[in-house]
Every structure is written in structure tokens, then in C-alpha cells.
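Each chain gets a letter, A, B and so on, in the order the sequences are listed, and its residues count up from 1.
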Amino acid sequence: MPLRMSTLFVRTLREEPADAELPGHTALLRAGYIRRAGTGLHTWLPLGHRVYRRVEQVVREEMDAIGAQEVHFPALLPKEPYQATGRWEEYGDNLFRLRDRRDNDYLLAPTHEEVFTLLVKDLYASYKDLPVSLYQIQTKYRDEARPRAGLLRGREFVMKDSYSFDVDDAGLEASYDAHRGAYVRIFERLGIPFVIVEAMSGAMGGSRSEEFLAPTPVGEDTFVRSPGGYAANVEAVTTPVPPALPFDDAPAAHVEDTPATPTIETLVAFANEHHPRPDRPWRPADTLKNVVVMLTHPDGSREPLVVGVPGDRDVDAKRLAAQLEPAEVAVFDDDDFAAHPHLVKGYLGPQILGAASETSIRYLVDPRVVTGTRWLTGANAEGHHVFDLVCGRDFTPDGVIEAAEVRDGDPAPDGSGPLELARGIEIGHIFQLGRKYAEALDLKVLDEHGKLVTVTMGSYGIGVSRIVAAIAEACVDDLGLCWPAPIAPARVHLVAAGKGEEINDTAERLAAELEAAGIEVLLDDRPRVSPGVKFKDAELLGMPKILVVGKRLADGVVEVRDRASGEREDVAVDAVVGHLVADASPAPR
RNA sequence: CGGGGUGUGGCGCAGCUUGGUAGCGCACCUGCUUUGGGAGCAGGGGGUCGUCGGUUCGAAUCCGGCCACCCCGACCA
């Protein structure tokens, strides 16, 4: 049975809702696929839910195909498992917490590592039971500080999350690869363009990790790629380490008066005027910029940290935060400076920094700051800087940190060429959790020698509702939506344009024949609606093909339009079903 | 959590400065006309003006509190 516009629960909007956010989100609202129910909350209407269910089904089929088994947990969970892993605290305000009538704490789960781990622990005790992969398609909740971008960052969203359980690293590797393959097939089937990038494992802990991103300018994630095939989330980009330099002939470090030079810009200008270099002017890259932040560790303790980067680069707050997780990073405010009088704002230098120093403040530097590099940097006194401070001679950092901003043109870490920055929507994330959760929750099995071993886990997520939004953003144009065939609510939007029994009867007959041939049809059978309105709605709703039965029927001809390309062709009415069936079949090779 | 803005039928907005019992477009209902690019005419239904309090003979309009929502930033699948 075709879907009928005359009875479909939908109302298209001519105007853009005031709270529409992105082009695709606007189109979904205008086309009547979704309704906003509150901040970060959306209702799926029949058309939208149809698309959503198709995405879900593709995901389900490919998960089943790698032998993963579907389960379903409650979204509402007691806090205890999350306390055991520390995430009841770590998740902070982003966790929806609630209390029952007996004052017990609960949460609306943002993700389900803990309960999956405990489930396997409850039922399995032997290496013979492993490996096993379990998944669910479940509504997740995050109390986002600022929900935005329509469906892309809501407070409620649907995620497919799966978890693999293996006895050893080789097993985990195989489970990870199986999921990776399934994800590639899922996104290919959905017809959504994607790139796979190296990622940070983030708040989940763990090691190997990759993200699947749908490239689009409206994406919230920044990633890089090189001509040679390197691709990474900007948070995960590593900096090639230059070789150490000899410094035997370097002059001794010397402190100079540099009044009123609290910024790199003022410092470089002053140095060029009063202490010019013999070979070339001073440049920001010659300076070592030291940024102090305040860390708050999960146990609540606070620690100042200084990060040194070449002065021509800013610290990227996201990269810094990703490196320091699970600690929280905050700017060092005036009160903090007052409490640490050694730290002179604008004139920080490494001489008094480092775990072994008088202040014992941890000092981490950019990987470009290698032994033998020579710097112009703060002298820890108002209006003073030190010149020719040599790394490895005059100061020794406590370690390196990837916190400096990444720029277009920076070299890829694997030597595959200059990096290009781009934006994308994260639609999938796979990573090897390792034993973090198994250890925290004591998931162990007996191995073949009768010895207890801790299970190693992988965690794999796909944002199901987010994919619908990502595809809408990827496919939207001035006229409206345009779905890839595999997830479109119907393959053909059949417009009965004009009045007359013959037009209506023919439209009805073609709809029935197409459905009988396995082609889903959305039939615009609304009486007394002008052709113009039907055309606009057809374009807005975005079925891949629009079939118009109208005035040319008198000549035995109907019109087939391709929504994506806009191409139109006249087809004999008797041939059009065969034409559309052939179009829907896979191309012969 | 900082900064800015907005709350008026289902949707988009005007009215507020200068208080006098609510209006326009879209959508919806009825009738006639129209029918290949969001039709025309006529008639009609639908709003405690976010909320609580204050000022006033009288408040959508002025004053105060609260709430909600949007944008930019900080933070995150």
C-alpha cells in the first residue's frame, strides 16, 4: 500500500520555524519529519520515524552479521555501577540524576559500559564463553550545558552501543576489526559520505580508537587529513618531534629588562628594537609561551600546571583538555595567581617550574621544544625576559603534551604530507577499552590453566538519531531534503498533477503497480490541491524520484524527475514502472 | 557558567515608546471560481498576550520577581 498524502500525518510549513538551527534541521522541521518538544528534545513524526527506523534496521542487520547479539537495558539505572567506576562523579553535570520515592539515586544512562560489563560478569566465568559481543539500540540521556544543532546534540538521542569481551589482546583486536568492518558497511549502505580518523579514547579510557565522521562545514568536530592518507581528529593529532640540536656554542642565558611586554606581540616588538638578532628579526616562534591552568582531579584535588608552547601558537583548549582527562581544566584566575606569587602573569618562565624545582609545579611542553632548542621566554619577574634559554641545559620539562593548536599545512606525523583541516559530524566511534571497566567491576574468567584473567573489552557506538540528522545536513538543498534511496521514506513520490479522473486513476494504478514491483510509493492524491503546491512539497520531502502524472498523460507520457540532480525525462506511461524498477536495481557490472 | 536577545491563536510576525479590552500573513473550516510551480473572491473558527505580583478607574503595553526559549562563548556522542 502506498503512503498517501491525503491521510499522512504531516503538515509542511511554508516558513522557517524561528528556532530552526541548521539547514538540514530546518528542512526536517518544515517537511514535517520532526517536531521540537523542548530544548534538545524532538518528536519523530511518521515520515521521520520511517527514516529513523530504516537507519536502525541497517545498523541492526550489520551488527547481527558479525555475530553481535542484541539486548536491551533500562535507560533508567541505579547509581551503584557508575559509582564503582567513578563515573557517577566524573560525568558531572552532564549526567541526568534523579531520585525515587525512597530517596535512592538513579541516573538516565548516558552510555552503558558498566551494566554490560556486569551482565557478562553475572553470566560468564570461563574463557570458553568468550569472545562475545553484545549490543543494544537505546535512548541515551545527557544533560548538555547547551543542546544545539537540532538533532545533532540533543539531551535525548538514540545510540547503538556494543561491547566486545575477549580473554586476550589478539581477541580484542579481532573484535575491533570486525566492528570496524561492520561500520564501514553500515555507512556505505546508508549512502552517507564518511571518513575514518584516529581519535582520542576520551572519557572512556582505553587505547586504540577511531572515529567515523561525516564531513560537512556544520560539523562540530575538527579533523585533519593529509594527501598521503593520514586522518585524525584534531584532538588526536601528534606532532612530529624534531631532532635534538647541539648547544655547545650557545651563549649563556641572560636576563634583560623588557618593560611592558606581557604578550608575545609586545615582547617580539621590544626584542627587535632593543636586542636585535644578528641573523634575522625575532619572530613569535622564537619565544616560549608558558600558559598556566588549574587542574581539578576526579578526587577533587587541585593542581596548577604550566604548558609551554612556541609563541606563534595558541594552546588549543580542546586538545589540552583531551590530554589531561579525566582532570578538569580551568583558566588560572586572579585568585589563583594571588595564591601562587611565584607565577608572574605575562612573564612566566621554566626556570622555576618542574616537579624537581622550588615550586614543584608540573611543566609540560610542546613536542617541538626539544633538547638544544633556544628560547626567549619569561624571567618570572614583571618586565623581565630571559634570552638564549636552552632546553636541556637551562631547564628540563617534566614531559611533553599535545596542546598547541594544529594548523593547516602542519606536517602529518607519519610524513604523508601537509595537513588540511576540515569539519565533520561524529557518526560512529570505536575503541579498545582494554581492562579499565573489567578491572573496576572485577570481570574475570578462568583461562585454560584454571587461572583468573581479567577480560579485555571494546566499545563501539553509532549515533542512530544523529545519522538521520547528518544525512539531512549532507543532502539538503535550497528546495528541501533529498534522501539516499536506502533510507528514504519511499523511493518514488508520485504526484497526481491536475484534475480529471484519468489522471487520478492512472496515478492510483501506477502506485499499485510500483508497490507490487517492490517500489515504495508516496502518493500525493490530495484532491483540490494545486500542482504547484504538490511539486513544492515533493521537493521539500525529498524522495529520490518524483513521478508526475499530469497534463501530458493525454499523449501517453508521464514525467520522471531525479530529486538530487533535477533531471527530468518523459517516459511512456506503459513503460514507467519498468523504468523505475530498473533504476532501483543495482547497476549491472 | 559568562555575554546578548526573545516570549502575543498551530507557524511566522506587528502592536508596547505615548495604557482604553488584540491585529496581519501562512495554515485550518464553508461556498463559488481556479488547476504544471506554494491560486482568487466571500464568509468563518481559534489567543487567560510565558508566569506571579505591583502601579492604575483601566495593563499585551509601565515597574519588580520568577520561568522558558534562542544566539555567541566556555563545556560535550
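Taking the C1' atom of each, rU21(B) and rC16(B) are spaced 15 Å apart, rounded to whole Å. Only the P atoms considered, rG9(B) is 14 Å distant from rG23(B), to the nearest whole Å. Nucleotides rU35(B) and rG50(B) are separated by 43 Å at their C1' atoms, to the nearest Å. Remark: the separation of the C1' atoms in rG53(B) and rG31(B) is 49 Å, to the nearest Å. Straight-line distance between the C1' atoms of rG20(B) and rU56(B): roughly 12 Å, to the nearest whole Å. Across rU17(B) and rA60(B), the matching P atoms stand 12 Å from one another, rounded to whole Å. With P as the reference atom, rC63(B) and rU18(B) are 10 Å apart, rounded to whole Å. Taking atom P on both nucleotides, rG64(B) is separated from rG44(B) by 42 Å, rounded to a whole Å.
If you take CD of Glu502(A) and P of rU35(B), they are 18 Å apart, rounded to a whole angstrom. One can place CD of Glu16(A) at 15 Å from P of rC11(B), the figure rounded to the nearest angstrom. Atom CD of Glu220(A) is separated from atom P of rG73(B) by 11 Å (rounded to the nearest Å). Taking atom CG of residue Leu541(A) and atom P of nucleotide rG38(B), one finds them 17 Å apart after rounding to whole Å. Between Ile137(A) atom CD1 and rA77(B) atom P the separation is 21 Å, expressed in whole Å. Here the P atom of nucleotide rU35(B) and the CG atom of Asn504(A) are 15 Å apart, to the nearest Å. Between the CD atom of Glu15(A) and the P atom of rC26(B) there is a distance of 9 Å, rounded to whole Å. Atom CZ in Arg552(A) sits roughly 18 Å away from atom C1' in rU35(B) (whole-Å rounding).
Of the listed nucleotides (rG36(B), rC26(B), rA77(B)), rC26(B) has the atom at the smallest distance from the side chain of Arg14(A). Taking the side chain of Arg153(A) as heavy atoms from C-beta on, and the options rC69(B), rA77(B), rA39(B), the nearest nucleotide is rA77(B). When distances are taken from the side chain of Val548(A) to each of rA77(B), rA39(B), rG36(B), the shortest belongs to rG36(B). Checking rU34(B), rG37(B), rG12(B) against every side-chain atom of Glu539(A), the shortest atom distance belongs to rG37(B). Distance from the side chain of Lys499(A) is smallest for rU35(B) among the nucleotides rU35(B), rC69(B), rC76(B). Here the side chain of Pro531(A) is nearest to one of rG36(B), rC26(B), rG37(B), namely rG36(B). When the nucleotides rA77(B), rC26(B), rG36(B) are ranked by their closest atom to the side chain of Arg568(A), rG36(B) comes out on top. Distance from the side chain of Ala317(A) is smallest for rC75(B) among the nucleotides rG37(B), rC76(B), rC75(B). Out of rG36(B), rC76(B), rC70(B), the shortest distance to the side chain of Lys551(A) is found at rG36(B). Of the candidates rC76(B), rA39(B), rA77(B), the closest approach to any side-chain atom of Glu426(A) belongs to rA77(B).
The base-pairing partner of rG73(B), taking Watson-Crick or G-U wobble contacts with both distances under 3.5 Å, is rC1(B). Remark: rC13(B) base-pairs with rG23(B). Criterion, Watson-Crick or G-U wobble with two distances under 3.5 Å. Within the shown strands, rU33(B) is the pairing partner of rA39(B) under the Watson-Crick or G-U definition, both distances less than 3.5 Å. With a 3.5 Å ceiling on both atom-pair distances, the Watson-Crick or G-U wobble partner of rA68(B) is rU6(B). When both pairing distances are held under 3.5 Å, rC62(B) makes a Watson-Crick or G-U pair with rG54(B). Across all strands shown, rG46(B) has no partner, as no Watson-Crick or G-U wobble contact with both distances under 3.5 Å is found.
For rG38(B), its base sits under 3.5 Å from the side chain of Arg30(A) at one donor and acceptor pair at least.
Atom-to-atom distance recorded for Tyr437(A):OH and Leu118(A):CG is 12.0 Å, nearest 0.5 angstrom.
The distance between the ring centers of His25(A) and His42(A) falls below 6.0 angstrom. If you look at Tyr460(A) and Tyr163(A), their ring centroids are not closer than 6.0 Å.
Residue contacts for Gly461(A): at a heavy-atom cut-off of 4.0 Å it reaches no nucleic acid atom on any strand shown. Using a 4.0 Å heavy-atom cutoff across all strands shown, Lys140(A) reaches no nucleic acid atom at all. Gly154(A) comes within 4.0 angstrom of a base, heavy atoms only. Across all strands, Leu152(A) comes closer than 4.0 Å to base atoms (heavy-atom distances).
With centres under 5.5 Å and a plane angle under 30° as the test, the ring of Phe535(A) is not stacked against the base of rG38(B).
In terms of position on RNA chain B, the residue among Glu156(A) and Gly40(A) whose nearest nucleotide sits closer to the 5' end is Gly40(A). Both Asp221(A) and Arg526(A) lie near RNA chain B, and the one whose nearest nucleotide falls closer to the 5' end is Arg526(A).
Salt-bridge annotation for Glu61(A) and Arg185(A): absent, with no side-chain N of the basic residue lying under 4.0 Å from a carboxylate O of the acidic one. The pair Asp570(A)-Arg552(A) counts as a salt bridge, with a side-chain nitrogen and a carboxylate oxygen less than 4.0 angstrom apart. Comment: Asp537(A) engages Arg526(A) in a salt bridge, judged by a side-chain N to carboxylate O separation of less than 4.0 angstrom. For the pair Glu539(A) and Arg563(A), the salt-bridge criterion is not met [side-chain N within less than 4.0 Å of a carboxylate O].
Few gaps surround CD on Glu220(A); more than 12 heavy atoms of other groups in view lie less than 6.0 Å from it. In the displayed structure, Asp478(A) atom CG is contacted under 6.0 Å by at most 12 heavy atoms of other residues, nucleotides or ligands.
Between rC11(B) and Arg11(A), no contact under 4.0 Å exists linking OP1 or OP2 to a side-chain N or O.
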